[in-house]
Structure formats: C-alpha cells, structure tokens
Amino acid sequence: MEALQAALLDGNHKAAVIEARRLLTEGLPREALVTEGLAPAMRCLDAKCTIRSFNLLEIMLVGRAVTGVVHELYPDGDPPGTGLATLVIASLEGDVHDLGKNIVKMVLIGRGYRVIDCGKDCPVDVLVETAVREKAAGVLISGLISSIIPRVRQVRPALTAAGFAHVPILVGGAALKQCSASDLNVDAVAETAFDGAHAVDAWFGSPS
Ligand code: B12
C-alpha cells in the first residue's frame, strides 16, 4: 500500500496503476485500495495545496495518477460506495476546470460516499436530473471562473422545482470560495476538498 501511495504522490501514473493491479492480484479488496491507498495520498496532496509554494504541475500529475487508479478499480464507471449517502458533483456549463472537482470526488469516495460525477461544462438541468435520478442526498459544485456564479445561483431553484428542495448544496473552487453561501444561494462554501468532506460528514455521517 505504501508503494501505491508513493507512486500516486510521485504523480507516476503508470507505476500507480501497476501497484494497484499488484494489490488486487494479492487479493486486497478494491475498497481497501481506496481507503488505505488513495485517501491517505489525497490527504498528503491537500497538505501540499495549502502551502504557498505548491507546484501545480505536481498536483495535476497526482490527480491524473489517482484518476488512473480509480479507472483500474472501477472500469465500468462510478464506484458503488460503501453504504453512505449518494452525492452528485459537477463543474457547471462554461467551466472546463475539473482538477479540483476530481480531487473532491476522490476524497469523498475514499470516505465511503457514492459519488456520481456529471463532469465539467455540465448544464444545470443535467446536474439536477442526475440528482433526482440517483436520489442524491447532496449536490456539489466546483467553480473556478467568476462567470459561473449566476449559474450556481440557479441550482437551488432548479432543485426546488424538481421536488428536491431538501437537498443541501456544497460548493468550492477558486471563484466560489470568495463568495458567501447566502450570496450563492447554497448551504456551504468549502475552502478545500477536506473542508468539504468535513461538511459532508457533518450532514450525512462518515464512519471515519
Ligand atoms: C489549471 C488551470 C486551467 C486548466 C484547467 C485544466 C483542468 N482540467 O482543470 C486550463 C488550461 C484548461 C484552464 C483554462 C482556462 N482558465 Co484556468 N486556471 C487554471 C489554474 C492555473 C489552476 C486551477 C487548478 O486546477 N488548481 C488546482 C486545483 C486542485 O485547485 P482547486 O480547483 O482550487 O481545488 C481545490 C479547492 O478549491 C477545493 N475545491 C475545488 N472545487 C471544489 C468543489 C467542492 C464541492 C469542494 C468541497 C471543494 C472544492 O478542492 C481542491 C483541493 O483542495 C487557475 C489559477 C488558480 N490559482 O486557481 C486558473 C484560473 C482558474 N483560470 C482562469 C481562466 C480565466 C481560464 C480560461 C478562461 C483562460 C482562457 N482565457 O482561455 C480558461 C477557462 C475556460 C473555461 N471555459 O473554463 C482564471 C479564472 C479567473 C476568474 N476568476 O474568472 C484563473 C483563476 C487564472 C487567473 N488568475 O486568471 N485553466
């Protein structure tokens, strides 16, 4: 497991996938690779994100390696989760930034949540339809460019119109974390992926 974590943190995509395959061949369950391999690596990455001299290329390479391992573990799509709440996540239409979204997704999968990823450049309608179809307990939005703010404000009314007024909305990302939750018409704004995970835990209860 340490070799997997080291390969992830090195941003070594090929080595990380090889280590994941080796661990699976040795009989470790996929969920163990998520909670004991990916999640600790994500915690280290989060620590690096908070220091002033963080290296963006390094973060992008780690993100790519994590994505590669998740594809290896769950080639047919989104991981099933371990019985905790289902969450839907997206970067909204007009925003192609998805590195932060992918990190949040991995952190939450690592904590046992079922996370449905609507991808980047996602229309509000698609996000809401997915939340309804998947009976989501929460909706998560990543926003990196300021022009996305009006769309974020549309999500609550769209959820309400679909009969999902009760579902809390959590947002993060460089553009959104400069705003207040009330200004964005959401329930919470997270500074980092791990702040967001703590908010989700407070709402839905992680076993960790
Ligand atoms: C990498 C990058 C790109 C890449 C994106 C690659 C990708 N696949 O994501 C590329 C090159 C494609 C790109 C394109 C553009 N970019 Co750009 N980009 C960046 C850059 C340098 C880093 C963003 C990043 O990935 N950071 C690393 C990740 C890990 O950090 P993060 O997203 O903040 O996520 C962390 C937290 O915020 C949190 N988080 C994030 N989302 C969420 C969601 C939830 C629910 C939670 C709980 C937490 C959470 O978790 C993460 C880990 O803690 C930023 C500069 C910056 N300082 O942010 C500009 C930046 C975001 N880009 C910018 C711009 C303007 C653009 C372009 C319009 C450029 C252009 N003229 O074409 C286009 C956008 C096109 C579009 N329609 O979206 C501006 C936005 C300005 C603004 N306020 O509107 C920025 C701020 C640069 C700048 N200073 O001008 N970009």
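Just so you know, ligand 1 is whichever comes first in the structure, and atom 1 is the first atom listed for that ligand. What's counted below: heavy atoms across the whole structure, side chains too, no hydrogens, waters or symmetry copies.
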Before you tell me yes or no, could you show the steps for K120 and H97 under side-chain contact (heavy atoms from CB on, under 4.5 Å), namely the whole-Å CA-CA distance, both residues' side-chain angles and the distance that decides it to 0.1 Å? CA-CA 7 Å; K120 57 191 175 187; H97 298 85; over 6 Å; no
[X] versus ligand 1: do any nitrogen or oxygen atoms come within less than 3.5 Å of each other?
| X | answer |
| --- | --- |
| S146 | yes |
| K101 | no |
| A193 | yes |
| G196 | no |
| K120 | no |
| T192 | no |
| I89 | no |

Tell me the closest heavy-atom pair linking [X] and [Y], and the distance in Å.
| X | Y | answer |
| --- | --- | --- |
| V167 | L159 | O-CD1, 4.4 Å |
| L33 | L28 | CD1-CB, 3.8 Å |
| D98 | S91 | CA-OG, 4.2 Å |
| V88 | A136 | CG2-CB, 3.6 Å |
| P168 | A137 | CD-O, 3.1 Å |

Pick, from [options], the option with the minimum heavy-atom distance to [atom].
| atom | options | result |
| --- | --- | --- |
| atom 59 (C) of ligand 1 | E191, R64, H97 | H97 |
| atom 37 (O) of ligand 1 | G100, A190, G173 | G173 |
| atom 86 (C) of ligand 1 | L176, L144, V104 | L144 |

Separation between CG of N185 and CD of Q154, rounded to the nearest 0.5 Å: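 Here the rounded value is 10.5 Å.
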Distance (rounded to the nearest 0.5 Å) between R22 CZ and L4 CG: 8.5 Å
So that I can tick it off, tell me whether D117 and K101 are bridged by a salt bridge, with the cut-off set at under 4.0 angstrom between side-chain N and carboxylate O.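 Result for this pair is yes, salt bridge flagged.
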NZ/NE/NH1/NH2 to OD/OE distance under 4.0 Å, R133 and E129: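 No, R133 and E129 are not salt-bridged.
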[X] heavy atoms, cut-off 4.0 Å: which ligand 1 atoms fall inside?
| X | answer |
| --- | --- |
| K177 | 37 (O) |
| I145 | 76 (C), 77 (N), 78 (O), 80 (C), 82 (C), 84 (O) |
| G94 | 76 (C), 77 (N), 78 (O) |
| D98 | 7 (C), 8 (N), 9 (O) |
| D95 | 78 (O) |
| L140 | 45 (C) |

Only one of L92, T130, I89 passes side-chain contact (heavy atoms from CB on, under 4.5 Å) with C118; say which it is. T130
Sub-4.0 Å heavy-atom approach of A175 to ligand 1: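 Under 4.0 Å: no for A175.
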Any side-chain heavy-atom pair of Y113 and T86 under 4.5 Å: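 Side chain of Y113 against side chain of T86, heavy atoms only: no contact under 4.5 Å found.
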Where's the contact between L170 and ligand 1, heavy-atom distance under 4.0 Å: side chain, backbone, both or neither?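 The part of L170 near ligand 1 is both the backbone and the side chain.
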Side chain, backbone, both or neither: D121 near ligand 1, heavy atoms under 4.0 Å: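 The answer is neither.
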